[in-house]
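To keep things clear, I will list the structure first and then write my remarks on it.
Labels below follow one simple rule: chain letters A, B, ... track the order of the sequence lines, proteins then strands, and each chain is numbered from 1.
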Amino acid sequence: MDELRPVEMQVGILSNADGSAMVSLGKTKAIAAVYGPRELHPKHRQNNERAILQCNYVMAPFSTNERVRPGPSRRSVEISKVTREALEPALFLEDFPRTTIDVYIIVLQAHSGTRTAGINAASLALADAGVQMKDLVSAVAVGKINGNYVMDLAGKEEEVTQCDIPVAYMPRYKKLTLLQMDGDLPDKDVKNLIKLAVKGCETLYDKQRKALLGKWSKEGKV
Amino acid sequence: MEEKKEITKVKVFKKEKDVVLPGDEIVDSMEYLPGRNCFREGSGIVSKRIGLVYFKNRVIEVVPLAGMYTPEPGDMVIGIVKEVQRNGWAIDINSPYEAFLPLSGVREFIDPMKTDLSKIYGAGDVIYGKVTMVSPAKSIHVSMQDIKTRKFSEGRIVKISPVKVPRLIGKQGSMINLIKDKTGCRISVGQNGVVWLQGENEILAVKAIKTIERKSHTDGLTDYIEKLLSKK
């Protein structure tokens, strides 16, 4: 119950993007591409003190049993926003005034936990793009089913859980950057669940580091 | 006495040329200073980017393995003129910021009221210039006063990742000279990852450059490229 689904991470899967990554948590699969820092147009959106981060979360039409209508929806706009806010604290945006860093996340296959898979992939892609960062961001969702704490909700679990809490976490700073909650749960349970999520994020953090080192320790040999 | 020892305790977590990820602590000591791509946190120094650690006396530097070109004064870059302005030229130097070539950066004196600036450098022209200033607000100036600077009139441009430029040049220019000798091309490499080349065997030279970019991490690359170029 307090175990992650099988995790697979790959870095540098797209050659066009400055940085890219693929993360699959069980049957959920998300890819992220990062462009920038680059010039931001229109000019009035530029910030003279810092770069802005633009996140775009999209579900592929074929990602679920029922076709997902392409185009922005209430849900994808919300997830884009929380993803942005989960990643912003980890970046040195002030190093690149007036520019933008664009993060595109596409969910290829959805089996719950798409936003957390997206955040994991995005933070990998940002590091892969050589963007200045304080730390990587790891994310996992937790819940409670029949009185048991469950980590990394999958498929049906998400429907029967009493509550769904996606958490993003910066392991080196021990800080949460995303905390949402659907459903209802007493204080004590929430605290325990967050502790469980932090544990999961730390495991994911190790895997993220391994994925990055797998690509870059080879490149850094010479 | 004993207390003093406690304060000056130096913890070094990484060796020279170790690969670091963003957020990796390199040392925990006030004896060292954070240089490029590092920041201080508490008493430690932490890397900002994926890269290799270098200790330069007391300064710690991370040389990035990926990322954009960040201009520094003194860099020789290849830029493309984007726009002719009233008092100079806007130049794309393959970085997040546009550079500016002011009239004072050109060798001869020019009176903007009497001369047509586009006759000197027009939009689309390719120049080899020197970065003279990078302000904290990221306004970048280039100049064409250095002897090495020039305007390219023909040839072609190839872009590679800026972090691979040292590999393309090689030790004391060994790699780039090899390509020049074997193909007979004239080649200029900008620090910003833009390469200009011109000559009969351009296509072969481009192939070699792209191969170096792709295989930059492998051993014996110079021999491999020599073989590739001799094959024809």
Assess whether side-chain contact (heavy atoms from CB on, under 4.5 Å) is satisfied between V20(B) and W216(A), documenting all intermediate values.
-> CA-CA 9 Å; V20(B) 284; W216(A) 290 105; over 6 Å; no
Give, for atom CD1 of I50(B) and atom CG of D128(A), the distance between the pair rounded to the nearest 0.5 Å.
-> 6.0 Å
Hey, are R172(A) and E41(B) close enough for a salt bridge, meaning a charged N less than 4.0 Å from a carboxylate O?
-> yes
Side chain / backbone / both / neither for D95(A) at chain B, heavy atoms under 4.5 Å | both
Check whether S95(B) gets within reach of chain A through its side chain, its backbone, both or neither, counting any heavy atom under 4.5 Å.
-> neither
Can you name the closest pair of heavy atoms from A137(B) and R98(A) and give their distance?
-> O-NH1, 2.7 Å
Pairwise side-chain contact, E39(A) with Y97(B), heavy-atom cut-off 4.5 Å (strictly under) = no
Trace of the side-chain contact (heavy atoms from CB on, under 4.5 Å) decision for D24(B) with R209(A) | CA-CA 10 Å; D24(B) 278 6; R209(A) 286 182 49 97; 2.5 Å; yes
CG on L65(B) to NZ on K215(A), rounded to 0.5 Å | 9.5 Å
N37(B) versus chain A, the contacting section by heavy-atom distance below 4.5 Å = side chain
Side chain from CB out, backbone as N, CA, C, O: work out which of these in A129(A) comes under 4.5 Å of a heavy atom of chain B, or both, or neither.
-> backbone
Are any non-hydrogen side-chain atoms of P37(A) and M68(B) less than 4.5 angstrom apart?
-> yes
Decide if atom NZ of K175(A) counts as having more than 12 heavy atoms of other residues, nucleotides or ligands within a radius under 6.0 Å.
-> no
Over all atoms of both residues, closest heavy-atom pair of P96(B) and T99(A) = CB-CG2, 3.7 Å
Are the side chains of R49(B) and V131(A) in touch, meaning some heavy atoms are under 4.5 Å apart?
-> no
Neighbour count >12 (heavy atoms, 6.0 Å) for atom NZ, K151(B) | yes
Evaluate whether atom CD of E16(B) has more than 12 neighbouring non-hydrogen atoms of other residues, nucleotides or ligands under 6.0 angstrom away.
-> yes
Would the number of heavy atoms belonging to other residues, nucleotides or ligands and lying under 6.0 Å from NZ of K207(B) be above 12?
-> no
Flag yes if more than 12 heavy atoms outside K29(A) fall under 6.0 Å of its NZ atom; otherwise flag no.
-> no
Would the number of heavy atoms belonging to other residues, nucleotides or ligands and lying under 6.0 Å from CZ of F152(B) be above 12?
-> yes
CG of L33(B): more than 12 outside heavy atoms within 6.0 angstrom?
-> yes
Could you pull out the closest heavy-atom pair between S217(A) and V19(B), with the gap in Å?
-> CA-CG2, 3.9 Å
Relative to the ring of F92(A), is the ring of F39(B) parallel (under 30°), tilted (30 to 60°) or perpendicular (over 60°)?
-> perpendicular
